[in-house]
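Here's the structure we're looking at; comments come further down.
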There are 2 protein chains.
Amino acid sequence: MTNEEKFEITDSEWEVMRVVWTRTKATSKEIINVLQDKKDWKPATTKTFIGRLVKKGALNTETVGNKFIYTAAVTEEESLKSLKAGLFNHICNTAVGKTIADLIKEATLSHDDIAMIEEILKSKKKDAVDVIVCNCVPGQCHCKENHNMNCH
Amino acid sequence: MTNEEKFEITDSEWEVMRVVWTRTKATSKEIINVLQDKKDWKPATTKTFIGRLVKKGALNTETVGNKFIYTAAVTEEESLKSLKAGLFNHICNTAVGKTIADLIKEATLSHDDIAMIEEILKSKKKDAVDVIVCNCVPGQCHCKENHNMNCH
DNA sequence: TTAAATCGTTTACAGTTGTAATCAATTCAT
DNA sequence: ATGAATTGATTACAACTGTAAACGATTTAA
């Protein structure tokens, strides 16, 4: 039924998911080993996060003997979407462009990256708008401040 | 001095900060009014967040009579930095370009936005690198998978 | 001047998150 | 076959978050 249960993945849980996404299939021992190195977590700590991810449906389990093989029930792309939303939920629609620009300014990019982004930008011109409509409530951004209906 | 006390601002606290950033100065009543509309918060709820922000040093207070006028002790730009980091902390360095591209794909942008981003991109070419070095631990991205030292 | 309203502070409380020890069942090694 | 190791499950617990009522001081209105 593909029921769209929405669950959030916490920062720590992301660490676990990244291991599973990378390997496609992983045992708890593999996950524990990676994160023992990276995060200095005791095995029990990693086990807790694995357990929580299984409970919330982010990881599937295949039983093999007495142990499990874990696979991801959500894709990385899908999960990234929430992360990205987290960023833009806090700013005015009209500030999205500038925020992306800032992101680029602060990023280390390869020539290929830049070429790719330029490509995307070019294709974006087709559906670009003239004025972006502010989505904020009055009092939380300057757009709705007084009689001036234009943003910034 | 200027001791760089680092504190995190939660989602709910952001709602309060946005009001203060917008008005520069705000009374609790103003903040409460805005958020009563937007978030359906009881005045007591907003008061809690104001109190926590003052305690953690994100808001300054000026006493005027028996009440306070609140001003921001951190800029929006500064706070945005944490938000942005939150996004990129979860992905491989080598995937930053693609993630920015995805952000652009999904965003609604104006012609001006696109022009601005193009400008930034152009200036980025100067310090663009040929290959981005992966910063992940082995097991959390494909870069470090086997003998192949190149990413993706 | 006294009752009502307002404002900041204190207290409350459940749910989430980070961190981990312990336990019970099973499997592996001797 | 029996002791050791491993694995998933249960329990623990403090800090952080979201949500809010209650309280005490003070100011304003009647």
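It should be emphasised that the depicted structure is a prediction, and the values quoted were computed from it without experimental measurement. Labels below follow one simple rule: chain letters A, B, ... track the order of the sequence lines, proteins then strands, and each chain is numbered from 1.
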Rounded distance in Å - [atom1] ([X]) to [atom2] ([N]):
| X | N | atom1 | atom2 | result |
| --- | --- | --- | --- | --- |
| B/K29 | D/dT27 | NZ | P | 16 Å |
| A/F68 | D/dT6 | CZ | P | 19 Å |
| B/I50 | C/dG8 | CD1 | P | 7 Å |
| B/K67 | C/dT9 | NZ | P | 14 Å |
| A/Q36 | C/dG18 | CD | P | 18 Å |
| A/F7 | C/dT17 | CZ | C1' | 17 Å |
| A/L53 | D/dA9 | CG | C1' | 15 Å |
| B/E30 | C/dT6 | CD | P | 15 Å |

(message) Can you tell whether the side chains of B/K38 and B/E15 come within less than 4.0 Å, N to carboxylate O?
(response)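 Salt bridge between B/K38 and B/E15, a charged N being under 4.0 Å from a carboxylate O: yes.
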(message) Whether B/K25 and B/E62 form a salt bridge (side-chain N of Lys/Arg under 4.0 Å from carboxylate O of Asp/Glu) is what I want to check.
(response)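 Yes, B/E62 and B/K25 are salt-bridged.
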(request) Under the side chain to side chain contact (heavy atoms under 4.5 Å, CB included) rule, what do A/T108 and B/D127 come out as? Steps first, then yes or no, please. (result) CA-CA 8 Å; A/T108 300; B/D127 44 274; over 6 Å; no
(message) Which residue in the set B/T45, B/I50, B/D40, B/T46 passes side-chain contact (heavy atoms from CB on, under 4.5 Å) when paired with B/L35?
(response)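 By the side-chain contact (heavy atoms from CB on, under 4.5 Å) criterion, B/L35 pairs with just one of B/T45, B/I50, B/D40, B/T46: B/T46.
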(message) When you compare the side chain of B/W14 with that of B/L83, does any pair of heavy atoms fall below 4.5 Å?
(response)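 Contact flag for B/L83/B/W14 side chains = yes.
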(message) I'd like to check the side-chain hydrogen bond (donor to acceptor under 3.5 Å, both in side chains) partners of B/E77; sequence neighbours left out, ordered by chain and number.
(response)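 Not a single residue meets the side-chain hydrogen bond (donor to acceptor under 3.5 Å, both in side chains) criterion with B/E77.
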(message) Can you see if the side chain of B/S28 gets near the phosphate of C/dG8 - specifically, an N or O under 4.0 Å from OP1 or OP2?
(response)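 Checking B/S28 against C/dG8: at least one side-chain N or O falls below 4.0 Å of OP1 or OP2.
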(request) Indicate for each nucleotide in nucleotides 14-26 of chain D, in 5' to 3' sequence, whether protein heavy atoms under 4.0 Å reach the base (B), only the sugar-phosphate (S), or nothing (-). (result) ---SBBBB----S
